[in-house]
Novice: 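One structure is given below, represented as structure tokens, and several questions about it will come after.
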Amino acid sequence: ETRLTVFYFSAVCSDVIAFASQLSYAEFHKQTSFLSKINTYPQLCQRAKRIGYDITQVVYRGYHASESTQQLQDAAIETRTQRRLNTEIEEEKAKLSSFKLGKELNRTAKRQEIQAIKSEQRQELEKKKQLVEIEKEQRLHAAQILREEKEREELLKLKLEEKQGEVHLLSRLKDLGVDLTQYLVTKNPASVSEELQIMKGETAASFH
């Protein structure tokens with residue numbers, strides 16, 4: 001019976017070693033349910049059949065290690081857990097930093113876009129102001145020209161009316177028998193100096 005126990009123990013150990021050698025410690029703990037499946041123990045089944053036994057079921061009741069081994073395992077688990085946590089923390093920090101950077105880039109792009117729009121609006125407004133000033137100057141210039149033309153027309157009209165009045169006055173004076181030459185000389189004494197004298201023989205004629 002002792003030999004049979006050793007026989008089974010050796011076969012089970014071989015199958016467990018073959019199973020666990022392909023896994024990490026963490027993976028082994030996650031897949032311990034496979035240790036209760038008969039397919040995990042091919043060597044045990046083969047050896048049992050050689051001596052006339054048929055193994056139909058294996059029950060895994062847990063893993064027990066020595067206190068020192070368990071402490072090492074617990075320390076290793078704690079170290080891996082801390083590393084995983086540190087890694088996750090660093091990943092979260094990196095994600096947060098990337099998220100903040102993306103937000104800042106978006107804000108910067110928005111600010112630049114807004115500044116560009118404002119700058120474009122200022123330029124457009126400045127162009128409109130310049131156009132308004134140009135139109136204003138053109139209107140003022142046109143109004144000045146019209147005013148000057150009107151003033152010239154009024155002045156010409158006044159001069160024409162003045163000439164017509166003088167002609168009308170001279171016509172009335174002539175009708176009254178007034179000597180127009182004497183009248184004009186009396187009215188404009190300075191014009192006497194401009195008198196043209198034409199001497200012909202002994203006769204002198206004066207024209208005013």
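Numbers here simply count residues along the sequence, with the first being 1.
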Novice: Counting only heavy atoms from other residues, nucleotides and ligands, does the tally under 6.0 Å from CD of Glu104 exceed 12?
Specialist: yes

Novice: Do Thr79 side-chain atoms and Ala75 backbone N/O form a donor-acceptor pair below 3.5 Å?
Specialist: yes

Novice: To the closest 0.5 Å, what do you measure between CD (Glu135) and NZ (Lys128)?
Specialist: 12.0 Å

Novice: Using modelled atom types and a 3.5 Å cut-off, is there a donor and acceptor pairing between side-chain atoms of Ser171 and backbone atoms of Val167?
Specialist: no

Novice: With heavy-atom distances below 4.5 Å as the criterion, would you say the side chains of Tyr60 and Thr40 are in contact?
Specialist: no

Novice: Mind telling me whether Tyr53 and Tyr8 have parallel, tilted or perpendicular rings, with 30° and 60° as the class edges?
Specialist: perpendicular

Novice: Quick one: are Arg172 and His168 in side-chain contact, heavy atoms under 4.5 Å?
Specialist: yes

Novice: May I ask whether Phe9 and Phe19 are part of the same hydrophobic cluster, defined by side-chain heavy atoms of I, L, V, M, F, W, Y residues being less than 4.5 angstrom apart, directly or through others?
Specialist: no

Novice: Below 4.5 Å, heavy atoms only, C-beta onward: do Gln130 and Glu133 meet side chain to side chain?
Specialist: no

Novice: Does one side chain, of Gln82 or Asn86, offer a donor that lies under 3.5 Å from an acceptor on the other?
Specialist: yes

Novice: To the nearest 0.5 angstrom, please state how far the CG atom of Asn106 sits from the CG atom of Leu101.
Specialist: 9.5 Å

Novice: Can you give me the closest heavy-atom contact between Ala48 and Ile55, atom names plus distance?
Specialist: CB-CG1, 3.6 Å

Novice: With rounding to the nearest 0.5 angstrom, report the CZ to NZ distance, Arg152 to Lys159.
Specialist: 12.0 Å

Novice: For residues Arg111 and Thr108, is any side-chain donor paired with an opposing acceptor at under 3.5 Å?
Specialist: yes

Novice: Within this structure, what is the NZ-CZ distance for the pair Lys100 and Arg107, rounded to the nearest 0.5 Å?
Specialist: 10.0 Å

Novice: Is the shortest distance from a Lys or Arg side-chain nitrogen in Glu153 or Lys150 to a carboxylate oxygen in the other one below 4.0 Å?
Specialist: no

Novice: Taking atom CD as the centre, does Glu148 end up with more than 12 heavy-atom neighbours from other residues, nucleotides or ligands that are less than 6.0 angstrom away?
Specialist: yes

Novice: In Å and rounded to the nearest 0.5 Å, what is the CD to OG distance from Gln31 to Ser33?
Specialist: 7.5 Å

Novice: Return yes if some donor-acceptor pair links the side-chain N/O of Ser14 with the main-chain N/O of Ser10 below 3.5 Å, else return no.
Specialist: yes

Novice: Does Leu44 reach the side chain of Val58, with side-chain heavy atoms less than 4.5 Å apart?
Specialist: yes

Novice: Would you say Ile145 and His141 make side-chain contact, with heavy atoms under 4.5 Å?
Specialist: yes

Novice: Identify the heavy atoms of Gln57 and Ile38 that sit nearest to each other, and give their distance.
Specialist: N-CD1, 4.2 Å

Novice: List the steps and the verdict of side chain to side chain contact (heavy atoms under 4.5 Å, CB included) for Ile51 and Arg47.
Specialist: CA-CA 7 Å; Ile51 58 177; Arg47 292 181 184 182; over 6 Å; no

Novice: Rounded to the nearest 0.5 Å, how far does CD of Gln121 lie from CD of Gln123?
Specialist: 11.0 Å

Novice: Taking side chain as C-beta onward, heavy atoms only, is Leu35 less than 4.5 Å from Phe28?
Specialist: yes

Novice: Taking the side chain as everything from C-beta on, heavy atoms only, tell me whether Leu96 gets closer than 4.5 Å to Lys93.
Specialist: no

Novice: For residues Leu169 and Glu166, determine if any side-chain heavy atom of one lies less than 4.5 Å from a side-chain heavy atom of the other.
Specialist: no

